[in-house]
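Working notes, beginning with the structure itself.
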Amino acid sequence: MSDRERDWDFYLRTVSNSARDSTFANDPTSDPSLLHAVKKLCDFCRQEEKSSEDLVARVYPHINKLFQRSIASISQSSSSSGILLLVILQFFLDFGEVVLHDADPSLRTFFRSCLSCEFADPVVAEATLNFLNINKNKLLASFPNLLPQFFPLLLKLIAWNGEKLEKPFLKVFPGLVSPGSFLPLFPSLVDLPILVVALEKVERSSGSLIGNSIASIQKSTAPEMLLALMDEAYTGSTIGDGGGDSESEDSNTIDVADPLFLELLKDENDGLAERHWTSPGVAAVLHAATNSPQSDRLKQILNIAPRLLDVYFTIALRDANNSLICALIPILMTRNSTLFPDKNYMYEVRKRLLEFMLAAFQRSPDFIALLKKPIIDRLGEAYDSPEKTELALQLCWAVGEHGGGGGSHKDAARELFESLELLLYENLSSSRLGLRQESATSDNRNFRKSSQSRLLCFVITAIAKLATYHRELLPRARVALGKVARSRISDSRVWRRARDYLGLMNEPAICLSVLGPSRPSHGYMQSPGTVNWNEGGTKMIAHIPFYILGEQEGPPFHDFSFSDILPRKQ
């Protein structure tokens with residue numbers, strides 16, 4: 001017998017003994033030589049080209065039985081079984097066709113029984129990501145729903161292990177995005193910092209996360225432990241120090257906050273669930289997280305999450321269909337004002353949300369008409385907070401830039417126009433921003449005044465662009481802009497802009513060139529900045545809008561020709 005054959009027999013006996021009833025039957029992973037033996041057997045099967053099928057057939061029953069015993073012993077095992085199970089799963093993927101073994105149930109069993117308990121183990125986490133990367137193409141082709149189903153569990157890998165696993169996780173991440181996971185994945189990405197906070201609370205309350213399944217904690221038969229955990233996670237206190245009300249088992253704070261806690265810590269994708277951001281408990285935990293020192297793990301995920309959103313939005317614009325993107329935009333609008341309260345994190349995430357939303361509108365202007373209800377609702381919230389004001393500004397720009405959805409959506413454009421009119425008149429008469437200035441400091445008054453002026457400028461521009469696109473709205477636009485031009489409010493930029501747009505509207509050809517769509521579309525074939533005189537009533541050489549004359553004050557003092565403002569050729 002050759003040395004190679006002797007090695008084969010030795011390793012096969014080692015695996016066979018562990019798979020049978022033996023000293024290691026209750027805990028196969030406690031045998032330190034077992035992992036090495038399984039790896040060697042797999043190597044033999046790969047290297048023997050002529051007799052590989054025979055070798056696979058001989059070793060498969062033992063490895064399959066070992067897999068089942070290892071899974072069954074996880075709850076009683078004192079050692080990690082993740083690495084051993086990953087090696088066995090690799091064998092199933094490599095040789096499943098030879099022995100007619102469907103690896104899908106085995107993979108799902110690994111995620112549910114092993115990874116859910118060992119995701120906090122850095123060695124298992126890294127090995128899992130390497131396994132997924134090596135087999136990425138095979139998994140996506142043969143088991144396309146596997147990674148999207150378990151994306152909440154895989155997000156725990158990066159949430160808990162941080163930047164050291166960011167590169168391998170980014171390679172796996174595209175496989176998490178599918179039609180079934182596209183929408184629920186977005187809130188989970190945005191809430192990664194909250195997931196870290198929740199996991200750290202669990203660790204402080206129940207000990208190390210390695211070897212303890214979150215699901216078993218949720219289903220604990222000791223309700224007082226679970227209630228104490230919830231109270232600490234969402235109020236920043238414990239049952240013992242919260243006073244008489246906190247000791248009540250029917251505490252409203254706990255009842256309201258529990259669904260979000262359980263939603264954050266789930267392992268599988270069960271669809272898009274409502275997240276209870278308006279509850280007092282959530283407000284309390286966010287406040288506590290803001291006022292306490294950030295852990296290194298939380299600091300890392302605050303940097304990682306925006307980068308994951310970059311990949312997510314890139315995939316969305318490249319691969320997602322219009323129905324999914326259209327359904328995502330209202331979620332973006334809602335989450336724009338409900339983010340983990342870290343200033344840099346909020347800035348980075350909001351910037352990406354708004355950029356993606358505008359890119360989606362640019363790609364499919366019809367979305368504006370389809371989403372007129374949530375857009376109108378967001379315009380009505382423009383006064384509530386600075387972040388909602390910024391969202392309203394961007395929506396105003398999109399509505400005007402894309403003509404309220406295009407020429408085929410005149411009814412939607414009219415409704416959006418009316419909403420912009422209302423926003424304009426509210427600011428001109430008794431601005432909600434202005435009503436709050438009495439009790440505000442000087443800096444706050446200046447900020448609110450600047451925000452109001454910026455909002456008015458965006459609204460005025462959107463009204464003028466909508467009326468240019470849908471000419472039946474021109475009379476109403478002239479009335480609205482005329483009121484602004486005559487108002488002479490304190491910020492001259494506002495009424496001067498209204499005056500300029502009124503001047504443009506008297507010259508239809510130039511108005512369409514300046515305020516029309518930014519790209520030839522919807523029947524308008526001129527390029528931006530090109531005047532098509534056929535769109536005007538006559539070939540005009542006078543009454544060019546006065547702002548073209550170097551922002552001279554007042555209307556033009558004489559009739560002039562193009563030679564007055566365009567250099568002559570020498």
Side-chain angles (χ1 to χ4, degrees), residues 155 159 182-197 260 264 272 275-278 282-283 285-287 289-290 294 298-317 320 325-363 367-368 371 374-402 423 433 444 447-448 450-455 457-459 462:
L155 288 179
F182 180 76
L183 293 179
L185 179 57
F186 168 72
S188 296
L189 292 175
V190 172
D191 293 337
L192 277 175
I194 309 294
L195 174 61
V196 171
V197 172
L260 177 63
L264 284 170
L272 185 61
R275 302 205 168 191
H276 304 263
W277 287 105
T278 57
V282 174
V285 73
L286 294 180
H287 179 73
T290 305
Q294 294 181 355
L298 179 57
K299 291 177 181 177
Q300 290 182 34
I301 208 63
L302 289 172
N303 293 326
I304 294 172
R307 295 195 282 266
L308 290 177
L309 284 173
D310 284 335
V311 180
Y312 173 81
F313 287 140
T314 299
I315 295 172
L317 291 173
I325 294 181
C326 190
L328 176 64
I329 292 175
I331 303 176
L332 301 185
M333 295 179 185
T334 301
R335 293 311 309 273
N336 181 68
S337 57
T338 52
L339 299 172
F340 184 83
D342 176 85
K343 288 185 178 180
N344 185 66
Y345 179 74
M346 291 190 293
Y347 169 79
E348 293 294 337
V349 172
R350 285 186 181 128
K351 182 177 77 169
R352 287 161 172 81
L353 299 190
L354 294 177
E355 286 176 351
F356 171 78
M357 186 173 61
L358 295 179
F361 287 146
Q362 178 73 15
R363 191 180 82 169
F367 286 170
I368 295 175
L371 299 172
I375 290 176
I376 291 173
D377 291 342
R378 299 291 88 78
L379 293 178
E381 297 173 353
Y383 314 98
D384 293 353
S385 63
E387 55 270 16
K388 291 185 177 181
T389 300
E390 186 63 30
L391 175 60
L393 291 175
Q394 302 301 325
L395 290 174
C396 285
W397 182 91
V399 168
E401 178 70 9
H402 303 294
L423 195 57
L433 290 172
N444 285 339
F447 174 77
R448 293 186 185 281
S450 175
S451 296
Q452 180 191 4
S453 297
R454 189 162 172 253
L455 178 62
C457 286
F458 272 71
V459 172

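Taking CD1 of Ile301 as the reference point, atom CG of Leu192 lies at 5.0 Å (rounded to 0.5 Å). Separation of atoms CD (Gln362) and NE2 (His402) is listed at 4.5 Å; rounding is to 0.5 Å. Taken to the nearest 0.5 Å, the CG atom of Leu189 stands 11.0 Å off from the CG atom of Asp310. The CG atom of Leu339 lies 14.0 Å from the OH atom of Tyr347; values are rounded to the nearest 0.5 Å. Taking CG of Leu379 as the reference point, atom CD1 of Ile375 lies at 7.5 Å (rounded to 0.5 Å). With values rounded to the nearest 0.5 angstrom, Glu381 atom CD is found 10.5 Å from Leu395 atom CG.
Nearest heavy atoms, Leu371 versus Pro330: CD2-CG, 3.8 Å. The nearest pair of heavy atoms linking Phe367 to Ala360 is CD1-O, 3.8 Å. The minimum heavy-atom distance between Met333 and Leu391, with the atom names listed, is O-CD2, 3.7 Å. What you find for Ala316 and Ile325 is that their closest heavy atoms are O-CD1, 3.5 Å. Between Lys388 and Ser337, the closest heavy-atom pair is CE-OG, 3.6 Å.
At a threshold of 4.5 Å between non-hydrogen side-chain atoms, the residues Arg335 and Val349 do not count as touching. Looking at Phe340 and Val197, their side chains come closer than 4.5 Å, going by heavy atoms from C-beta outward. Proximity of Pro193 to Leu298: side-chain heavy atoms (C-beta onward) are separated by under 4.5 Å at one or more points.
For the 3.5 Å distance criterion, the side chains of Arg454 and Ser451 fail to qualify, holding no donor opposite an acceptor. Checked by atom type, the side-chain pair Asn303/Glu348 shows no donor-acceptor distance below 3.5 Å.
With sequence neighbours left out, the ring-ring contact (aromatic ring centres under 6.0 Å, His included) criterion links Tyr345 to no other residue.
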Original post:
Run the side-chain contact (heavy atoms from CB on, under 4.5 Å) check on Ile329 and Phe361 step by step: do they pass?
Top reply: CA-CA 10 Å; Ile329 292 175; Phe361 287 146; 3.9 Å; yes
**OP:** Go through Leu423 and Phe458 one step at a time and tell me if the side-chain contact (heavy atoms from CB on, under 4.5 Å) criterion holds.
**Re:** CA-CA 11 Å; Leu423 195 57; Phe458 272 71; over 6 Å; no
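Using a 4.0 Å cut-off between charged nitrogen and carboxylate oxygen, Lys351 and Glu355 do not count as a salt-bridge pair.
Note: Phe356 and Phe313 have parallel aromatic rings, judged against thresholds of 30 and 60 degrees for the angle between ring planes.
Judged purely by atom type and a 3.5 angstrom limit, Arg363 uses its side chain to pair as donor or acceptor with the backbone of Leu317. Side-chain atoms of Thr389 come within 3.5 Å of backbone atoms of Ala382 as a donor-acceptor pair (strictly under, hydrogens ignored). Judged by distance alone, the side chain of Asn336 and the main-chain N or O of Glu387 form a donor-acceptor pair under 3.5 Å. In this structure, Arg378 contributes its side chain and Ala392 its backbone to no donor-acceptor pair below 3.5 Å.
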